[in-house]
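A, B, ... follow the sequence lines: proteins, then strands. Residue 1 opens every chain. What you see below is based on every heavy atom in this structure, not just the backbone, and it leaves out hydrogens, waters and symmetry mates. Worth saying up front: this structure is predicted, and the values here are computed from it rather than measured.
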Amino acid sequence: AQKITQTQPGMFVQEKEAVTLDCTYDTSDPSYGLFWYKQPSSGEMIFLIYQGSYDQQNATEGRYSLNFQKARKSANLVISASQLGDSAMYFCAMRGFDGYSTLTFGKGTMLLVSP
Amino acid sequence: NAGVMQNPRHLVRRRGQEARLRCSPMKGHSHVYWYRQLPEEGLKFMVYLQKENIIDESGMPKERFSAEFPKEGPSILRIQQVVRGDSAAYFCASSPPTGPSSGYTFGSGTRLTVV
């Protein structure tokens, strides 16, 4: 079984500052993938970034980076230079690497970016 | 290249009616997943399908809910005799058969309201 924990129900950040959204996970799978999704108020789910458990380097995608600490089982999302359009719900998710594993989500963190 | 198409976008049903939610995966994607999102909650896995096969339905309620992904046509999530507790956003996602590092591509969701 897999479990994702996002302990921050809400975060506030000022425009142009960096923010870290926490995510810890638990799994018995020896290899797995970690994902972050963004859900704006319009409701769609937008894929942001992926990290494989055997990747040597932390993933980066533009202003998004994933601070992956395998020993701590954490996969925090870092957003640099926050923009007003970053205000949204953010979900951490994971899936194992067996053939039929499905994506398990955390409860999400609401990020509000202020001017 | 159209993304995952879900319809209808909004669906209102009276208690006891049937709800049919449709999902067309992205071109080239043969794996379909259904998730349910209750207000203020993350996404909960319901069912994983490939063409004409249910791979994992461990998240589906035992009664009133069914899903199919026929050889031709969209995947259908069917809820019989809806109750108020079925009111939620239902998301469909698809992925290619290339491996678990593939993230899911989500549709925009169907918001079901039971009155």
Would a single hydrophobic cluster contain both [Y] and [X], if residues Ile, Leu, Val, Met, Phe, Trp and Tyr are joined by side-chain heavy-atom contacts under 4.5 Å?
X     : Y      : value
A/M11 : A/Y90  : yes
B/I79 : B/V83  : no
B/L77 : B/V12  : no
B/Y48 : B/V32  : no
A/Y64 : A/V113 : yes

Which pair of non-hydrogen atoms, one from A/F91 and one from B/Q37, has the smallest distance, and what is that distance?
CZ-NE2, 3.5 Å
Non-hydrogen atoms of A/T102 and B/Y104 that approach each other most closely
CA-OH, 3.2 Å
Heaviest contributor of heavy-atom pairs below 4.5 Å to chain B, chosen from A/E44, A/M89, A/K107, is A/K107
Is the distance between the ring centroids of A/F105 and B/F45 less than 6.0 Å?
no
Please determine whether side-chain contact (heavy atoms from CB on, under 4.5 Å) holds for the pair A/Q39 and B/F106, giving the CA-CA distance in whole Å, both sets of side-chain angles, and the decisive distance to 0.1 Å.
CA-CA 11 Å; A/Q39 187 178 41; B/F106 280 84; over 6 Å; no
Would one find more than 12 heavy atoms of other residues, nucleotides or ligands at under 6.0 Å from atom CZ of A/R63?
yes
For B/Q17, look at atom CD and say whether over 12 heavy atoms of other residues, nucleotides or ligands are found less than 6.0 Å away.
yes
Qualifying salt bridge (charged side-chain N to carboxylate O under 4.0 Å, His left out) pairs, either residue in residues 64-78 of chain A, two or more places apart
A/D26-A/K73
Tell me every residue that passes side-chain contact (heavy atoms from CB on, under 4.5 Å) with B/P61, counting only those two or more places apart in sequence or in another chain.
B/R36, B/M46, B/F65
Where on A/S42 is there a heavy atom nearer than 4.5 Å to chain B: the side chain, the backbone, both, or neither?
backbone
For A/Q51, is it the side chain, the backbone, both or neither that has a heavy atom under 4.5 Å from a heavy atom of chain B?
neither
Could you list which of residues 12-21 of chain A have a heavy atom closer than 4.5 Å to any heavy atom of chain B, in residue-number order?
none
Who pairs with A/F47 by ring-ring contact (aromatic ring centres under 6.0 Å, His included), at least two apart in sequence or on another chain?
A/Y37
Close side-chain approach of A/M45 to B/L43, heavy-atom, < 4.5 Å
yes
Is B/I55 close to chain A through its backbone or its side chain, or both, or neither, when contacts mean heavy atoms under 4.5 Å?
side chain
Output yes when a side-chain donor or acceptor of B/Y35 lies under 3.5 Å from a complementary backbone atom of A/L103, and no otherwise.
yes
